[in-house]
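We use all heavy atoms of the structure for the numbers below, so side chains are in, but hydrogens, waters and symmetry mates are not.
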Number of protein chains: 2
Amino acid sequence: MSEKLTPMIQSFILHFGEMGSRWGINRTVGQMYALLVLRKEPLCADDITEALGISRSNVSMGLKELMSWELVKLQHRPGERKEFYSAPGDVWDIAKTLIEQRRKREIDPTLSTLRNLLIETPANDEEAYAQQRMREMHELIEMLTLWTQEIQRLDSAQLGKLLKLGNSIGKVLDMKDRLLGSGKKESMK
Amino acid sequence: MSEKLTPMIQSFILHFGEMGSRWGINRTVGQMYALLVLRKEPLCADDITEALGISRSNVSMGLKELMSWELVKLQHRPGERKEFYSAPGDVWDIAKTLIEQRRKREIDPTLSTLRNLLIETPANDEEAYAQQRMREMHELIEMLTLWTQEIQRLDSAQLGKLLKLGNSIGKVLDMKDRLLGSGKKESMK
DNA sequence: CTGTAATTTCAGAATATACTGAAAATTCAG
DNA sequence: CTGAATTTTCAGTATATTCTGAAATTACAG
């Protein structure tokens, strides 16, 4: 890392590089994305090379990766060969993309693997028990995924309103009490 | 990996080892945990060594890691030196622990870093813009964390009931329409 | 206490991942 | 078309992570 980054921006970039690497994203790619998020104007590969002090080819590969995650948009300026990259201006858009991509890459294959193992006939008690755990896991993941998808449907504006409700977010889920509260009555007036 | 694991159980273990490694968890540790989850009875370190075909010392380190995540419980048998390990019998308990630990290790430090950067006075327009993005990010993460915490309050039994409601999970979040629906009225009858 | 069964530690080896520079490929202004 | 600007590829190198065996430590049955 080098050049004209201010300490504030440096700290952010370093932190998110670190975070990225804990979540299976290459540290450098994480830094590149952090930089793009903080900049209003699109950057070209050389800008990134200079800002982070890494090789041009590394930047090229990183951008390719970010493109494959659909986290970054490619732009051209009229009469210029050079390519410019930018991150969405809306944090919630970024989060939704991350969630969506993770789902495609990890959750869906996992659910599929589980389903394949669940249709087999257990050979003995041990496998029967194992299958039961797999069944519970499948159910749970599927449910959490459904919830997540509901939340993803919200757009930034809606989310903004929700934010303004502040800590009373709890109220949204108070609904649960009506659903789960006192036993068998499942009707909600 | 070796010995007496059935193909079904092998597949599960391999898949979750792979998944773990994409989420910043060592592949072998992921496999160890997968094995523990599938087994009803607690296992000792040698059982794991044999089942996965890895070194005894590797198992020792992996168990240490799983203990630090509080994902695994240590048990003793009367009149035996040997230590036995087991995973919670409830998948939702496991998920809650994972979420909780991730929060402690990644989310909280991130929020703290963001707050520190947000109290600084921006030196120029660029920093002002960057800070704005950080502010939005902080708000979003905080809100998602609050939601997650609400959901974590549910116990398995409650979750079970919720599951039985099936796909009408959407209903839980229909609440959002009442909150966000048609503009300014914030009261919920 | 003591001896032994068990666990932990850790330096070094094995493996996997990330990074670079140079060369090849691509793109488009002229 | 052409060739200069730009991007991509990739073999080799550097770095980081994981794994092992041997030695040190610990815990407890007797």
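Per the geometry, CG belonging to D46(A) stands 15 Å off C1' belonging to dG21(C), to the nearest Å. Atom CD in E65(A) sits about 11 Å away from atom P in dC19(C), given to the nearest Å. One interatomic measurement links the two molecules: CD1 of I54(A) to C1' of dC19(C), which rounds to 9 Å at whole-angstrom precision. Rounded to a whole Å, the CG atom of L52(B) is 11 Å from the P atom of dC19(D). As a whole-Å value, the separation of N26(B) CG from dT17(C) P is 11 Å. The distance between atom CZ of R56(B) and atom C1' of dA6(C), rounded to the nearest whole Å, is 7 Å. As a whole-Å value, the separation of H76(A) NE2 from dA5(D) C1' is 12 Å.
For Q131(B) (side chain) and E120(B) (main-chain N/O), a donor-acceptor pair under 3.5 Å exists by modelled atom type. A donor-acceptor contact shorter than 3.5 Å is absent between the side chain of N116(A) and the backbone of T113(A). Side chain of E106(B) to main chain of M19(A): no donor-acceptor pair is present (N/O by atom type, distance under 3.5 Å, no hydrogens or angles).
When the local axes at the two ends of the helix from dC1(C)-dG30(D) to dG30(C)-dC1(D) are compared, using 5 base pairs at each end, they differ in direction by 30° after rounding to 10°.
Comparing R77(A) and F84(B) by the nucleotide of DNA chain C that holds the closest heavy atom to each, the one mapping nearer the 5' end is F84(B).
Looking at heavy-atom distances under 4.0 Å, N58(A) makes contact with a base.
A side-chain contact (heavy atoms from CB on, under 4.5 Å) with E126(B) is found for one member of E41(A), R39(A), K40(A) and no other, namely R39(A).
No side-chain heavy atom of K96(B) sits under 4.5 Å from any side-chain heavy atom of S156(B). Residues V72(B) and Y33(B) have side chains in contact (heavy-atom distance under 4.5 Å, counting atoms from C-beta outward).
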